[in-house]
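To start, the structure itself, in structure tokens.
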Amino acid sequence: MPTARESLLDAAFAALEGRPWPRVKMAEVAAAAGVSRQTLYNQFGSKEGLARALVRREADAYLSGVERALSGASGAAGPRERLAAAAVWTVRSATENPLVRAVLTGCWNERLPTPVTSVTSVTPVTSVTSVRTASPGPLPAPGELLGQARDRAVRLLAGDWPPGAVELPLACEAVARLALSYVVAPAPAADVARMVRTVLA
């Protein structure tokens with residue numbers, strides 16, 4: 001059973017699919033989650049806090065998917081195939097989720113929550129009850145999120161990378177940037193896997 005926080009984030013995401021973020025009402029989000037408006041404010045503090053938590057959750061879910069692909073959970077066996085699976089996940093995730101696309105590219109439109117990317121804009125915690133409303137921290141810039149994906153690839157593939165192949169950090173960086181190019185200039189996700197295999201051959 002999801003927590004109130006997860007239910008609220010799910011409700012906010014569902015509301016965002018139907019209307020631009022400026023038209024999403026906190027009362028509607030609370031009602032859709034089956035909790036009071038006060039519970040929503042206790043959890044997030046403000047609409048900005050809700051937006052930041054929602055975008056952070058989607059960015060974290062993207063990175064978890066990268067890790068699943070790199071660990072071979074997608075059925076890919078060798079390190080090159082796992083790297084290709086991570087690239088496919090990046091393209092599919094950005095295609096299906098506008099928040100992931102925005103965080104990866106830095107391109108936000110008026111339908112999406114305005115990102116908060118600096119620590120100075122975080123509301124300080126002022127009481128024990130507001131600890132739950134504390135911001136999840138600033139959102140990563142596109143280069144930082146891509147760097148986090150690359151670093152996970154290096155860590156998870158280090159033991160399996162074939163000797164004599166292109167250096168693993170360089171390969172991971174190239175694949176991350178290649179995947180991002182497919183996000184910016186859309187093409188079928190399967191194409192990125194073929195391109196990764198070609199580049200790393």
Side-chain angles (χ1 to χ4, degrees), residues 9-10 13-14 16-18 20-21 51-115 117 136 138-201:
L9 290 171
D10 289 344
F13 188 81
L16 182 60
E17 291 178 335
W21 184 252
R52 190 166 43 248
L54 178 60
V55 176
R56 178 81 257 179
R57 180 183 78 161
E58 299 308 307
D60 289 344
Y62 159 70
L63 290 171
S64 294
V66 168
E67 288 202 2
R68 280 192 305 276
L70 292 167
S71 66
S74 63
R80 287 185 178 98
E81 286 300 315
R82 286 156 45 201
L83 207 46
V88 168
W89 164 255
T90 295
V91 175
R92 283 195 179 139
S93 184
T95 300
E96 295 168 3
N97 188 326
L99 293 176
V100 171
R101 180 182 174 83
V103 174
L104 280 171
T105 63
C107 296
W108 298 82
N109 65 40
E110 67 281 353
R111 290 191 58 83
L112 302 176
T114 303
T117 55
L139 298 175
E144 293 169 335
L145 189 63
L146 205 62
Q148 290 174 25
R150 178 205 58 225
D151 293 346
R152 282 167 167 75
V154 171
R155 177 174 49 82
L156 291 167
L157 298 177
D160 298 328
W161 198 246
V166 64
E167 291 180 23
L168 178 59
L170 184 60
C172 294
E173 178 79 17
V175 168
R177 293 190 176 279
L178 179 64
L180 184 59
S181 75
Y182 274 73
V183 171
V184 173
D191 287 1
V192 74
R194 183 173 46 81
M195 186 66 74
V196 168
R197 291 186 202 102
T198 302
V199 169
L200 296 179

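- Shown here are the side-chain contact (heavy atoms from CB on, under 4.5 Å) partners of Ala174, two or more places apart in sequence or in another chain: there are none.
- From Glu58, atom CD reaches atom CG of Asn97 across 4.5 Å, with rounding to the nearest 0.5 Å.
- Pairs of residues two or more places apart, or lying in two chains, never qualify as salt bridge (Lys or Arg N to Asp or Glu O under 4.0 Å) while including a residue from residues 95-113.
- When atom types are taken as modelled, the side chain of Glu144 and the backbone of Ala141 share a donor-acceptor pair closer than 3.5 angstrom.
- When the side-chain contact (heavy atoms from CB on, under 4.5 Å) test is applied to Asp160, the partners found at least two apart in sequence or on another chain are Pro79, Arg82.
- The shortest distance between side-chain heavy atoms of Val66 and Arg150 does not fall below 4.5 Å.
- Partners of Arg152 under the side chain to side chain donor-acceptor pair (under 3.5 Å) rule, at least two apart in sequence or in another chain, are Glu67.
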Pair Leu178-Ser181, side chain to side chain contact (heavy atoms under 4.5 Å, CB included): steps then yes or no: CA-CA 5 Å; Leu178 179 64; Ser181 75; 4.0 Å; yes
Worked check of side chain to side chain contact (heavy atoms under 4.5 Å, CB included) between Val199 and Val175: CA-CA 9 Å; Val199 169; Val175 168; 6.0 Å; no
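- A salt bridge is absent between Arg155 and Asp151; no separation between the charged side-chain nitrogens and carboxylate oxygens falls under 4.0 Å.
- When all heavy atoms of Val100 and Ser93 are compared, the pair lying nearest together is CG1-OG, 3.6 Å.
- When side chains are defined from C-beta on, Thr95 does not count as touching Pro186, because their heavy atoms never get closer than 4.5 Å.
- Pairing each heavy atom of Pro169 with each of Val154, the nearest pair is CA-CG2, 3.8 Å.
- The backbone N or O of Val166 sits less than 3.5 Å from a side-chain atom of Trp161, completing a donor-acceptor pair.
- Counting heavy atoms from C-beta outward, Leu145 and Leu63 have side chains that approach closer than 4.5 Å.
- Applying the salt bridge (Lys or Arg N to Asp or Glu O under 4.0 Å) test to residues at least two apart or on different chains, the pairs with a partner in residues 175-193 are Glu173-Arg177, Asp191-Arg194.
- Residues passing the side chain to side chain donor-acceptor pair (under 3.5 Å) test with Tyr62 are Thr90, sequence neighbours excluded.
- Just one of Thr105, Val103, Leu180 meets the side-chain contact (heavy atoms from CB on, under 4.5 Å) condition when paired with Leu146; it is Leu180.
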